[in-house]
Amino acid sequence: MAVKVVERRPLTLAERTYLPQILAGLRVTWENMVRPPVTLQYPDERPAIPQNYRGVPTLVRDPEGREKCVSCQLCEFVCPPKAIRITPGEIPADAPTAHVEKAPKEFEINMLRCIYCGLCQEVCPEEAIWLQTQYSMTGLSREAMVNDKARLYELGGTLPDAHRKWDVKKTEAERQAGGAH
Amino acid sequence: MESFLLDLLASPSWPFAASRGVIVIGVLMTIAGYSVLLERKASAWIQGRIGPNRTSHPLIAWIPLLGTFLMKGGFIQPAADGLKFLFKEDPLPGHVRKGYYVLAPIVALAPALATVVMLPFGRLPDGNVIALCPGADVGVLFMFAISSLGVYGIALAGWSANSKYPFLGAVRGSAQLISYELAMGLSVLTVFLATAAPGVDSPLSLVAIVDSQKGAWNVLGHPLAALIFLICVFAETNRHPFDMPESETDLVGGFHTEYGSFKFGLFFVAEYGHMVIGSSLFILMFLGGWHVLPWLPTVGTGVVATLAGLAAFFLKLAFFLFFFVWVRWTVPRFRYDQVMRIGWRVLLPAAIVNLLAYFAWYAYKG
Amino acid sequence: MVTDNKPSLVAINVDGVEHLVPAGANLVDVLGRIGREVPHYCYHPKLPVAGNCRMCLVELGSPMRDRATNEVILENGKPKIGWQPKPAIACATTVSPGLHVKLDSPVVKSCREGVTEMLLVNHPLDCPICDQAGECKLQEYSAEYGRGASRYDHEKNAKPKRSRLGPRVTLDDERCILCSRCVRFTSEVAKDPVLGFVNRGSFNTLTCFPGRELDHNYSLNTVDICPVGALTSTDFRFKMRVWFLKQTPSVDTESSAGANTIVWSREGVIHRITPRRNDAVNDTWMADSGRELYKQVTAENRLRHATVRGARATAEEALAAASEVLAAGPLAVVGSGRLSVEEQGLLARIVSARGAAAYVPAHVGKGDGLLVSEDRTPNFRGALVTGLTAREADADLRALAADIESGKVRALLICREDVTALGLSATLLAKVRTVVIGTHADATTAAAEVVIPGLTVFEKHGTFINCQFRLQAFAQAVPGPAGVMPDALTLARLAGADAGLVWQDLSALPQLTGLDGAKLPAEGVQLDGSAWSRLRFPEGRLLKVATPA
């Protein structure tokens, strides 16, 4: 990298006394003081959380109410602090979502371990785990800080599903069962 | 009733003098406490924050409007702070020199309280000065002499703590105070020269200095001296940008690193006491004391004039306390070598040149 | 049988690099061995070649020869290579001298891309719910050799997703790539050809013959060899992803065939058992029955703590009580073919030191001629080699019963055997003082004075000697119940020996000279069993044992 030597301008007498600079600084701080404060009164006022915020990881359902997680355990694998623990399970053949075949029997996220890195959301092939806008987790015991499946779905709610891949698959299977090919 | 109040203000008999002492100490401590609030609030405003606005008490919060106002303004915060310092556990570290360690905060606070004795606030309708020890001829010298003793508190604290950061803070503090005392003393000599007009009894008395400013304030006649004195007040009170003894970024907490609870609180009060005294001295010597405006020494007569003078004095004081905070968030802390350079190579020569120039001027004028 | 002379080597040229490889070997095997793996689905080293997946297409060539003189034609001083005009499948090629192979040419790459794309046309791509994910050849090769994006914008074929092929196997037809490995296995290895393809084109579907089920004892091998997730184990289905599982080499304990296994566990929980390739013992197969043995680890009646006269005791208290019981009078020992070689060696020390009578009961079942032998203990040969017994396994314990009746035996040490099932009634056991080392509660442990819990094969390490006199090691896959000592440690304490030095004594035995159980090769060590050639063993024909011993 070329180095360009810049001659430093000699200071004037006023600058050498440092006083004009102090006065300019006093002006800056004064202007800051008369500006309205930017502070949020936190517990009373809550900040507006952007939609892409990385808050507490949650599980979501699709608009039909089907749980999207198929317990592929990729999030459990990728989780750097090993906060996620999944017990996989099979969807019974007579359930309405039997075509998905697999769903978590138990899904636990230990919020004492979670580092909010969002890798679970990034890795999820089903878009089932989302770090949403919830940012404040409190509990009175270690057990209370472990979110189980019911709590994760309660926190997650329903998110729109643009792909509907399992529905598409089911519809096609039904169509082909009718003899089409 | 009126005579009782007058006695309380001016009677030399000891019960009244003692009551005066208690009142002035109470006022000084209260001013120090609310200086802390001012410091916290002003810091918050400058930084775009709100500052303390939560502390309250059910009995006060219950009052409509006023209770809310007191809470939002943080006016109950100093009480909470003081109570906190009082009721915290007061540990004595195992490695300190215990006697001196306990003595240090007292030594730091005592000069601040003692100098207030000489401080005149205003003038009564009968012409007497409101002060604990009114009309002392050598008020200024006494104040300089006693307030300089505050450095012993710092030195003692740093040394008795038996720990390297406090020690460094104490060494810096001592060196800094000695350095700036010289420039400070030399700068005010020009004021004494101006005051010592023919016919003035005791030109070293603060009352005489204030009285000599009925027309132009000294800050107009002695701007360089005022500037040097102001800078030295900052250095003497260990305030930013001269807070070498504390300097939390390089010395953890400086001389009071090893102190906690009420002992730390005493250092805290002492610092604000020094701020009050330094500001008062500047006001008395350069800003006309209790005179309302230049060329307008008083408004009204009798009690009204007294109250106007008191208001003028305390408004000036409040502005100065705010000014300390204002400067704190404007000017970054000097390096230690810069502090020494400014003190010895800038302020001291400037004060000497200033003094010589006034000598020459008065000699020429005759 | 194995011939003495080494296989002759021939030189082949792979992408311009010469390699010396065994003559007559399969090209896929050879390339895999020299580190140039060819992707393949249908080829399996232990099954006949079918050549239907076309994934292993490579370009082949050989030196050209003059038709008249049969001389090699040279070009620039090197043999001129005649390349075959079309790519050929490596799995149907045996290496021949001068064979030239191109693995990286544009033709080969486009072949692989094309085959992968064709296979993925109707593949459901449900890797998130597929148990094969992580060990799926289709997944690996698609990532390595596929195009990366699909050009197929029609609807995929829908096929049955969870059909029951047999009691232990579930089929997902959509994932099947029709490699026919499972079909060949059932007909060629298991000799029970129940699987086949029906329909044509994209309707082509794997299915069972009507009225039949894939229910023989080797059905789960089809799951192992399935390169995709079409055949899944009903037991392991949706239980755990394979990438979490730790693989531990072990040995099947259901019979003296000693099939080599891998135990897959995660955090102390075993999830499945699969075969481990050993060409001298089990090739790449094992019986279904051996895969369920891990369930004994968490069985209800598992012994988790020691008892002395029915009261719970610490290990130290139990050991002290056991020593006291064993010293009570004339001792008899019931050893077992279920003990490891180390444990049998330590037990043999107790037997010789105390002059005790030793019994090793026989457990005989029906053999299947493949990997389940008639002797249903994994290590009876170990009892012979370590000198615990010198005779054939005891069909019953009548002699011991008589000794107890007559008072000739006052103390009894039983290891891993339920003697009440072998003719020693509980009333008889009440006449002697008994110490039992066992893993599960049974009538014998209920009658014993001192019960010391032991560990299953999955919770300890050691060695077994199978019916071929092959010494094979098993490693610890999961920790045992808290506070339970390994059997070898218990026996060492009772024998006054150091469990860590057990192989110092064992390697002094003639058959084990110079061996160390902790440093055995993965495929095991063949021992000399000729000393016991006069004994009659129950085993018949097995996969790798041609004639009954």
Side-chain angles (χ1 to χ4, degrees), chain A residues 59 62 66-79 82 84-95 97-108 120-129 163-181, chain C residues 121-136 139 142-143 150 152-164 170-175 199-205 229-230 232-246 264 266-269 271-272:
Chain A
L59 290 177
D62 75 358
R66 177 184 69 83
E67 60 173 315
K68 294 177 83 172
C69 176
V70 298
S71 64
C72 74
Q73 296 182 289
L74 279 179
C75 50
E76 183 177 358
F77 181 69
V78 80
C79 183
K82 298 194 190 305
I84 302 179
R85 180 53 52 105
I86 300 172
T87 312
E90 186 168 4
I91 299 177
D94 52 357
T97 55
H99 59 293
V100 188
E101 294 191 82
K102 204 178 169 190
K105 197 186 291 172
E106 189 43 78
F107 198 122
E108 286 179 346
C120 49
Q121 177 179 344
E122 198 165 317
V123 81
C124 183
E126 300 286 330
E127 301 185 354
I129 189 165
H163 311 298
R164 302 165 51 81
K165 69 176 193 181
W166 292 102
D167 291 344
V168 169
K169 200 167 150 63
K170 188 183 186 185
T171 319
E172 183 59 22
E174 280 161 1
R175 192 178 66 80
Q176 290 184 23
H181 187 10
Chain C
V121 156
N122 278 319
H123 192 82
L125 295 180
D126 49 4
C127 302
I129 61 162
C130 178
D131 279 323
Q132 193 80 3
E135 54 180 8
C136 175
Q139 212 177 28
S142 299
S150 173
Y152 188 75
D153 50 8
H154 304 279
E155 294 302 337
K156 295 194 177 218
N157 250 350
K159 285 183 181 176
K161 284 295 277 183
R162 37 179 145 179
S163 13
R164 181 181 188 270
T170 306
L171 170 66
D172 186 321
D173 260 314
E174 281 187 353
R175 298 177 190 153
N199 299 333
R200 296 173 56 183
S202 53
F203 290 111
N204 204 334
T205 305
T232 54
S233 159
T234 309
D235 179 38
F236 182 62
R237 192 173 157 88
F238 299 157
K239 287 287 188 300
M240 191 51 63
R241 307 318 298 254
V242 291
W243 52 74
F244 289 119
L245 300 177
K246 183 183 77 172
W264 303 69
R266 181 187 184 197
E267 292 171 4
V269 179
H271 286 276
R272 67 172 180 181

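So that the names make sense, note that chain A is the first sequence line, chain B the second, and so on, each numbered from 1.
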Q | Interchain contact, A/A98 with chain C, by part (heavy-atom threshold 4.5 Å) | A | both

Q | Proximity breakdown for A/T87 and chain C, heavy-atom pairs closer than 4.5 Å | A | neither

Q | Residue pair A/V70, C/F238: steps toward the side-chain contact (heavy atoms from CB on, under 4.5 Å) verdict | A | CA-CA 10 Å; A/V70 298; C/F238 299 157; over 6 Å; no

Q. Got A/I86 and C/F244 here, is their nearest side-chain heavy-atom distance under 4.5 Å?
A. no

Q: Select, from C/H154, C/E267, C/E174, C/K159, the one with the greatest count of heavy-atom pairs under 4.5 Å involving chain A.
A: C/E267

Q) Between A/K169 and C/K156, is any pair of side-chain heavy atoms under 4.5 Å apart? A) no

Q: Find the one option among C/C127, C/G134, C/A133, C/P128 whose heavy-atom pairs under 4.5 Å with chain A are most numerous.
A: C/P128

Q. When you check the gap from the basic side-chain N to the acidic O, do A/E76 and C/R266 get nearer than 4.0 Å?
A. yes

Q) Is there a donor-acceptor pair under 3.5 Å between the side chain of A/Q73 and the backbone N or O of C/R241? A) yes

Q) Who among A/A103, A/A93, A/C124 has the most heavy-atom pairs with chain C under 4.5 Å? A) A/A93

Q: Provide the closest heavy-atom pair for A/K102 versus C/D131 in the form atom of the first, atom of the second, distance.
A: NZ-OD1, 4.5 Å

Q.
Taking A/E172's backbone N and O only, do any of them form a donor-acceptor pair with C/E155's side chain (distance below 3.5 Å, no angle check)?
A. no

Q. Where do C/R162 and A/I91 come nearest, in terms of heavy atoms and distance?
A. NH1-O, 3.1 Å

Q: Please flag which part of C/K239 lies under 4.5 Å from any non-hydrogen atom of chain A: side chain, backbone, both or neither.
A: backbone

Q | Residue part contacting chain C, namely of A/E90, when any heavy atom lies under 4.5 Å | A | both

